There are 2 protein chains.
Amino acid sequence: MNQLEAMRIFVRVAEAASFTQAAQALGLPKASASIAIQWLENLTGTRLLHRTTRRVQITQDGQVFYERCKDLVADMEELQELFRLHPSDLQGRLRVDMSVGAASNIVVPRLPEFMAIYPNIDIELSASDHFVDVIGEGFDCVLRAGNITDSSLIARRLGAYRLINCMSSTYAANHGTPQTLDDLKNHTLIHYSLGFGAKPTGFEYVDSLTGEPLHVPVTGSLTVNNSSAYLAACLAGLGIIQGPEPGLRPHIDNGSLIEILPEYQAAPLPVTLLYGNRRHVPKRVQVFMAWLEKTMKPQLES
Amino acid sequence: MNQLEAMRIFVRVAEAASFTQAAQALGLPKASASIAIQWLENLTGTRLLHRTTRRVQITQDGQVFYERCKDLVADMEELQELFRLHPSDLQGRLRVDMSVGAASNIVVPRLPEFMAIYPNIDIELSASDHFVDVIGEGFDCVLRAGNITDSSLIARRLGAYRLINCMSSTYAANHGTPQTLDDLKNHTLIHYSLGFGAKPTGFEYVDSLTGEPLHVPVTGSLTVNNSSAYLAACLAGLGIIQGPEPGLRPHIDNGSLIEILPEYQAAPLPVTLLYGNRRHVPKRVQVFMAWLEKTMKPQLES
DNA sequence: TATGACTGTTCAATAAATCTAAATAATAAT
DNA sequence: ATTATTATTTAGATTTATTGAACAGTCATA
């Protein structure tokens, strides 16, 4: 049995409090995770995880062991990369998550550049519009828009999306183009919400002169929790949307969408890069985050 | 490949500057050592050891890697033993070297006590009368009599052997028993020397009243580099020997040897426990050294 | 210069481990 | 109760590691 590998597995299992999730994040069968922990427990002579078939929780000893494991595993990783001076020498797996929009509009189109520089880094790019558990699911870093609440992570602010208002040309033909915020009352606004339980709150604007926040309640009955469905709804002429410029700009340019009320801007949506609070961040993660920042910057303001 | 195991092998190979010696010390074929180093070099992307078929020398990178490896391997070992509170939980292999005399007269007879307390510690006891390379041959600790010159090791003084003078009863019948140091001129002294090249220098004494050193040149032609041969020569009636009391006492008690000139004592022979200058000494080595000290003490003076 | 002893590497057969997949057993939620 | 989920076990297939012998350099000696 590979002790180091077993320790890596243990760290993951302890963080995710789940064999299944940890195994999935590590890309190996859950049977292996199970055996690895048993082997470690046998090695240390201590029960590290108290587990029923339904719940995994760390024991007191396990907690102590976990802290030291995390450091040692990180030290090992650092040691491996000690002599990797050239980009192409960097290797290993990178697990990243970001919104569907950021992935498909900004990152993926430019990913070939990164992969050309670092051909030996394997990338697992998860694109999802719901929040993910950075630690538990084993992501090296996660790109999020909106306000961050989880303080157990290191958050690096990259900038903010400019939010613009759009309608499709077919919708414009049917309903006309609003010129003032008041006009919006006669239009259908499509709402984007992450949690289905959350009540649609309407569109928010900042008065471009006074800086005062303005609120326009949502009128209309469509709420969507997925950004591509949101865009699709707008393209289908179902109503007006308010979203990050980078994802909408191409459709404006090709004429399928029309930007409206450009003088009424919503407060920009902050974009943040989150990563685990580990003592040592592997070099491959460092270079990816640097590249991601460089790539995102031109699309962001402030 | 087991990274940790590879690192252990690398540390050994680097210290011994030899694949063959390191492999032997670790109890595995040299092919494994060779492969492990290659695997590590591939992992780090750096040449760690510059090797011809006849010489192994560490590279600059290898030196850096070595320092960190040594620490990490020690940390790992410490981690394993974190939860081992009970003696019987301690496990692993212990490589020890001492003189043939100390081994057969003092340590081995009492070793069952140690093995009863720590049944899961495997002991490799090397008994040799020549000096050994503690680091290079991978010994956890070494017990030596005489003056220690190697300052790269940690030396713990346990005490000193009282040196006594003996002859066999048959020799006494043939040649009589000397009563003064001057009488020794008419007797045959058997000399003990580690290196065959070293010139026999005679017996040394300390005047019990004045504390002045007294020298009696060796008369006789037998020099031996092995303590059991030394004793055997005396038992065979070939002459007078001067040696550590613990090894001779049993033969005096059963009448086959006779202690002579008890009022003329040689300077006691210091007994030292040597171990590698590692940041972390495994617990199993600690407990063995503590036991060894306790066991040796009654046999030593000062 | 040739020989002999010693060393690190290679290689193919063997041994061991891991993975896959499916079945099992146990628990919390419905 | 029932269902869904989870950790564990099991067995065969596959991959990987180990090892002892053969190989190919290198240094010391004659």
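In the text below, chain A, chain B and the rest are named by the order of the sequence lines, each starting its count at 1. All values reported here derive from a predicted model rather than from experimental measurement.
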Tell me what B/S32 touches on the nucleic acid: a base, only sugar-phosphate, or nothing, going by heavy atoms under 4.0 Å. base
In whole Å, I'd like the distance from the [atom1] atom of [X] to the [atom2] atom of [N].
X     : N      : atom1 : atom2 : answer
B/E5  : D/dT16 : CD    : P     : 19 Å
B/F19 : D/dG20 : CZ    : P     : 18 Å
A/Q24 : D/dT5  : CD    : C1'   : 14 Å
A/L49 : D/dT6  : CG    : P     : 16 Å
A/Q57 : D/dT6  : CD    : C1'   : 15 Å
A/L48 : D/dA7  : CG    : P     : 16 Å
A/Q21 : D/dT5  : CD    : C1'   : 12 Å
A/I35 : D/dA7  : CD1   : P     : 14 Å

Nucleotide range of DNA chain C lying under 4.0 Å from chain A heavy atoms: C/dT18 to C/dA28
What residue among B/R284, B/K70, B/R93, B/K283 forms salt bridge (Lys or Arg N to Asp or Glu O under 4.0 Å) with B/E77?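 The salt bridge (Lys or Arg N to Asp or Glu O under 4.0 Å) with B/E77 is passed solely by B/R284 among B/R284, B/K70, B/R93, B/K283.
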Starting the side chain at C-beta, find the nucleotide from D/dT19, D/dA7, D/dT10 nearest to A/A31.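 Nucleotide nearest to A/A31's side chain: D/dT10.
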How far apart are the closest heavy atoms of B/I58 and B/A14, and which atoms are they? CD1-CB, 3.9 Å
Report yes if at least one side-chain N or O of A/S34 is closer than 4.0 Å to OP1 or OP2 of D/dT8; otherwise report no. yes
Does a nitrogen or oxygen in the side chain of B/T52 sit under 4.0 Å from OP1 or OP2 of D/dT26?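 The answer is no; no side-chain N or O of B/T52 sits under 4.0 Å from OP1 or OP2.
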Could you check whether any side-chain N or O of A/D129 sits under 3.5 Å from a backbone N or O of A/V100, counting only pairs where one atom can act as donor and the other as acceptor? yes
Among residues two or more places apart or on two chains, list those pairs meeting side chain to side chain donor-acceptor pair (under 3.5 Å) that have a residue in residues 13-31 of chain A. A/E15-A/Y66
